[in-house]
2 protein chains.
Amino acid sequence: MTTAFRNWQAVQQEVLRRIHAREWAPGDLIPNEADLASEFGCARATVNRALRAVAEAGLLDRKRKAGTRVALQPVARATLSIAVIRQEVEEKGARYGYALLERSMTRPPAPVRAALNTADATLLHIRALHFADGAPYALEDRWINPQGAPGVLDQPFETTSANEWLLEHTPYTRGDIALSAQSATVAEARDLGCDAGAALFALTRNTWNGPVAVTRVRLLFAPGHSMQADL
Amino acid sequence: MTTAFRNWQAVQQEVLRRIHAREWAPGDLIPNEADLASEFGCARATVNRALRAVAEAGLLDRKRKAGTRVALQPVARATLSIAVIRQEVEEKGARYGYALLERSMTRPPAPVRAALNTADATLLHIRALHFADGAPYALEDRWINPQGAPGVLDQPFETTSANEWLLEHTPYTRGDIALSAQSATVAEARDLGCDAGAALFALTRNTWNGPVAVTRVRLLFAPGHSMQADL
DNA sequence: CAGAATATTATGTGCAGACATAATAATTGT
DNA sequence: ACAATTATTATGTCTGCACATAATATTCTG
């Protein structure tokens, strides 16, 4: 016995080792917390913390009374962090640039109205470009609900992106993100400086503050862009 | 006083409320755990649990001695769950289908060798199609290192996808995922039943078991595919 | 024997107290 | 004034105990 696993990370490591080594095979019921605690020479709370962490990673399924078992099909959960674009660009060691293309109050097209559930309201429409080292990096097409973002109408967004302003000044409670690929239209190709029809990575995000829609944004990245995540 | 926040979820709710209501504005230092505990009428451990959860969600930054402050730019962390393709298809209510296109032992092209760090070794190359309701859903192009996946050479992968077999039989310790967009080549278009040059959503994943590479897979999804995630 | 009531059990969570650790602030020595 | 040492402080975590809760197993009852 290598003796005592005294902290929860050590216990977690040992649990992971047993899962990877197939000592606990997928589907297996593992010993209960109390038993593991006495085996590891620590308190049950410590085992609980460790198992909870592993379960959050998707490798264990826990149910009261039923016990803890190794997940049959560990649903890999890639956590991709979506930062402010400026930050993203600067972290790649590039110089960030920003240019406003359009700013208007308009009644949005049907898909946007449907996604934000804003009926006939006119929304603030922002189109802007983000640059990395002078080259187009991403095209931002955003609709903002003034109801959900007080003070937004006073912002020109000529030098600061809506991206950053909203994040700092507008609270939100929930949102959803969709990632997809689409072909560049002629207009998009012109803005991004690529060929029409080029495959572009698209990120569409809706943000809500309770029941009220805040914003919907579609980011079209220049060709070659990829998002990375670890497992 | 709406009286005691007795469990950590209630404390978490209250903390989130204060952040959203800007009672604690971005950048602000919030009271320390002990103070909050006495304010909320619970133990410090309970406040700790709540704050830790909020910090994990990216809304708080915590540092020893420095204290806890509201994140200036809450890095949105979208957690996308990457399940087995069969599962993904069936969850959409579609009938799943699978067809093996190619199975061979080959020395992989340079990019794959570089990504897996396998030098001159020959790897098992699998190309397969996944169907949803009879229509091509995703094209799988996979390289498997027999060193990292014992028993894989005995598998025909004619009716079961490598995707599922590996997940169930091969342990791994880490992996990385890249999401991108790319144009369909003529061959890919033929397999997926779309036009050449169509924008396709691509997912490339490398998997490792400790220091040894297990597999690298590129999934090309049929046009229109999107990945969803919540914030 | 079917179905309802009850007991059992594993996880979920709370508490108070203790010590560990990292980061900052204050003090000291040169 | 500056650098090195020491004190302080907020978070991080462990412990042992208690009770809550959900899910299963068992017993009781018509």
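To find a chain, count down the sequence lines: A is the first, B the second, and so on, and within it residues start at 1. FYI, side chains are in, hydrogens and waters are out, and symmetry mates aren't considered; it's all heavy atoms of this structure. Computed from a prediction, not measured in an experiment: that's the story for all the values here.
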In terms of the nearest nucleotide of DNA chain C, which residue is placed more toward the 5' end: A:A66 or A:R52? A:A66
Salt-bridge criterion met for B:R62 and B:E33 (N-O under 4.0 Å): yes
N/O donor-acceptor pair under 3.5 Å between A:T173 side chain and A:G210 backbone: yes
Is a donor on one side and an acceptor on the other found under 3.5 Å between the side chain of B:R103 and the backbone of B:Q155? yes
Using whole Å, what does the distance between atom [atom2] of nucleotide [N] and atom [atom1] of [X] come to?
X: A:L60; N: C:dG12; atom1: CG; atom2: P; value: 11 Å
X: A:Q12; N: D:dG12; atom1: CD; atom2: C1'; value: 15 Å
X: A:R62; N: C:dT9; atom1: CZ; atom2: P; value: 19 Å
X: A:R64; N: D:dT21; atom1: CZ; atom2: C1'; value: 4 Å
X: A:E33; N: D:dC17; atom1: CD; atom2: C1'; value: 15 Å
X: B:K65; N: D:dT6; atom1: NZ; atom2: P; value: 18 Å
X: A:N32; N: D:dA23; atom1: CG; atom2: C1'; value: 15 Å
X: B:F40; N: C:dA16; atom1: CZ; atom2: C1'; value: 19 Å

Where do B:F201 and A:A181 come nearest, in terms of heavy atoms and distance? N-CB, 3.6 Å
Quick one: is [N] close enough that its OP1 or OP2 comes under 4.0 Å of any side-chain N or O from [X]?
X: A:T68; N: C:dT11; value: yes
X: B:T46; N: C:dT13; value: no
X: A:N48; N: C:dT13; value: no
X: A:R44; N: C:dT11; value: no
X: B:Q9; N: C:dG12; value: no

Of A:Q87, A:E90, A:R86, A:H130, the residue whose pairing with A:Y96 passes side chain to side chain donor-acceptor pair (under 3.5 Å): A:H130
For A:N7 and for B:G67, locate the closest nucleotide of DNA chain D by heavy-atom distance; then report the residue assigned to the nucleotide nearer the 5' terminus. B:G67
